[in-house]
Student: 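Take a look at the following structure, please.
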Amino acid sequence: MTARAAVVCGLGQWLPARAVTNDELAGELDTSDAWIRSRTGIGARHVLEDGLGTSDLAVEAGARALKSASGLAVDAVVLATTTPDHPCPATAPRVAARLGLGPVPAFDVAAVCTGFLYGLATAAGLIAAGSADAVLVIGADAFSRILDPEDRSTRAIFGDGAGAVVVRAGTPDEPGALGPVQLGADGSADDLIQVRSGGSRDPFRATTARQADPYFRMAGRTVFRRAVEAMAESSQRALDRAGWSVGDVDVLVAHQANLRIVHALADWMGLDRERCAVHLDRVGNTSAASVPLALADAVAGGGLRPGHRVLMTAFGGGLTWGACTLTWPVVEPH
Ligand code: COA
């Protein structure tokens, strides 16, 4: 019996209206457009308006993905996010309810910037097991809510947004079928990317004896190196599983962390830099939304077309990483 594959059949994206330019940041912090562009490739990022939360981003992108999938009924929702509306409960049930999906199972997956690939792997598992026939996978994050307003190294990089796909049961040989998602993690380095306070180890109510730190912290230089190594290694495993060589890849959709990371990865793999999807110049690092947003942007810009062989890869806090191949199907992003 042929295994049931998860096949991409819908793609949606959403960005908050407000874009913050590098010059605007330079008005607040000791930084400059020239520094940010040359060190990261980022020119602007979008910021969610006050009073809204990650569920608002996720609902917008999810609704568009469902429309792109011609309204296909989904029987599960997986939301990849590190910035849930609340510490408890998960945000996905609220998103499913607001999308009018009825009592479908809905849960969050937390793998920071690798969240979307972890979400895809989870959806593919639900489909392969026969637990679901179609799954809405959303990557949504509002990092503006956890950044230290004084920290120029993270404020320059991160932005808010959401991207989503619908995957349905199909066969491994049809366009849109996900190859096996290659995932990895190294929790011994969990302090490289972390929000230290506000969880069970250091709840806010227990911090009277010492200073709480509610903000996202990142050891940028070490993370840079680990990101390139891990994405290169998992990409090679994904290519091996697909029976592809590097030369077969038409479009590399790597996590949009930093243009220098994307190019270092391409160089390491021996892939032409021209084949890299680049969206971060306009949106920065949108964490779990980064890969689906870059997919949607590449399709809209004409760089990603049906029949193209796509390699997706991401890296994030945890540490976590992953990669997956697919041949792009006929899908119009909304
Ligand atoms: N403007 C001006 N200077 C900045 C700056 C900014 N926005 N951000 C950092 N700097 C400064 C630092 O304070 C440091 O100054 P110092 O030498 O006086 O201490 C200097 O630049 C060098 O810092 P460093 O972190 O070594 O620079 P870098 O070239 O590695 O670039 C990052 C910093 C954050 C852009 C880079 O490390 C990076 O992109 N890392 C990966 C981040 C990432 O993508 N994480 C997500 C993965 S999921």
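As the structure lists them, so they are numbered: ligands from 1, and atoms in each ligand from 1. Throughout, numbering of the chain's residues begins at 1 and tracks the sequence. Just the heavy atoms: all of them, side chains too, but no hydrogens, waters or symmetry mates, feed the values below. These numbers were taken from a predicted model, which means no experiment stands behind them.
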Student: Tabulated below should be the N or O atoms of ligand 1 paired with protein N or O atoms at under 3.5 Å; can you produce that?
Tutor:
unit_1, atom_1, unit_2, atom_2, d
ligand 1, 1 (N), T31, OG1, 2.6
ligand 1, 7 (N), T31, OG1, 3.1
ligand 1, 7 (N), R152, O, 3.2
ligand 1, 13 (O), R152, NH2, 2.8
ligand 1, 26 (O), R221, NE, 2.9
ligand 1, 26 (O), R221, NH2, 2.8
ligand 1, 29 (O), R39, NE, 3.2
ligand 1, 29 (O), R39, NH2, 2.6
ligand 1, 37 (O), G220, O, 3.2
ligand 1, 39 (O), N258, ND2, 2.7
ligand 1, 40 (N), G220, O, 3.0

Student: For D133, which residues count as a side-chain hydrogen bond (donor to acceptor under 3.5 Å, both in side chains) partner, sequence neighbours excluded?
Tutor: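 Once residues adjacent in sequence are excluded, the partners of D133 under the side-chain hydrogen bond (donor to acceptor under 3.5 Å, both in side chains) criterion are R4.
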Student: For L120 and V291, run side-chain contact (heavy atoms from CB on, under 4.5 Å): C-alpha distance rounded to whole Å, both residues' side-chain angles, the deciding distance at 0.1 Å, then the answer.
Tutor: CA-CA 11 Å; L120 281 184; V291 167; over 6 Å; no
Student: State the CG-OG1 distance between L79 and T122, to the nearest 0.5 angstrom.
Tutor: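 Rounded to the nearest 0.5 Å, the CG-OG1 separation comes out at 11.5 Å.
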Student: On a heavy-atom basis, which atom in T54 and which in T83 lie closest, and how many Å separate them?
Tutor: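 Smallest heavy-atom distance, with atoms named: OG1-O, 2.5 Å.
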Student: Quick check: does any side chain N or O of S197 sit under 3.5 Å from a backbone N or O of D213, one acting as donor and the other as acceptor?
Tutor: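 A pair under 3.5 Å: yes.
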Student: Working to the nearest 0.5 Å, report the span between CD of E24 and CZ of R18.
Tutor: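 Taking CD in E24 and CZ in R18, the distance rounds to 4.5 Å.
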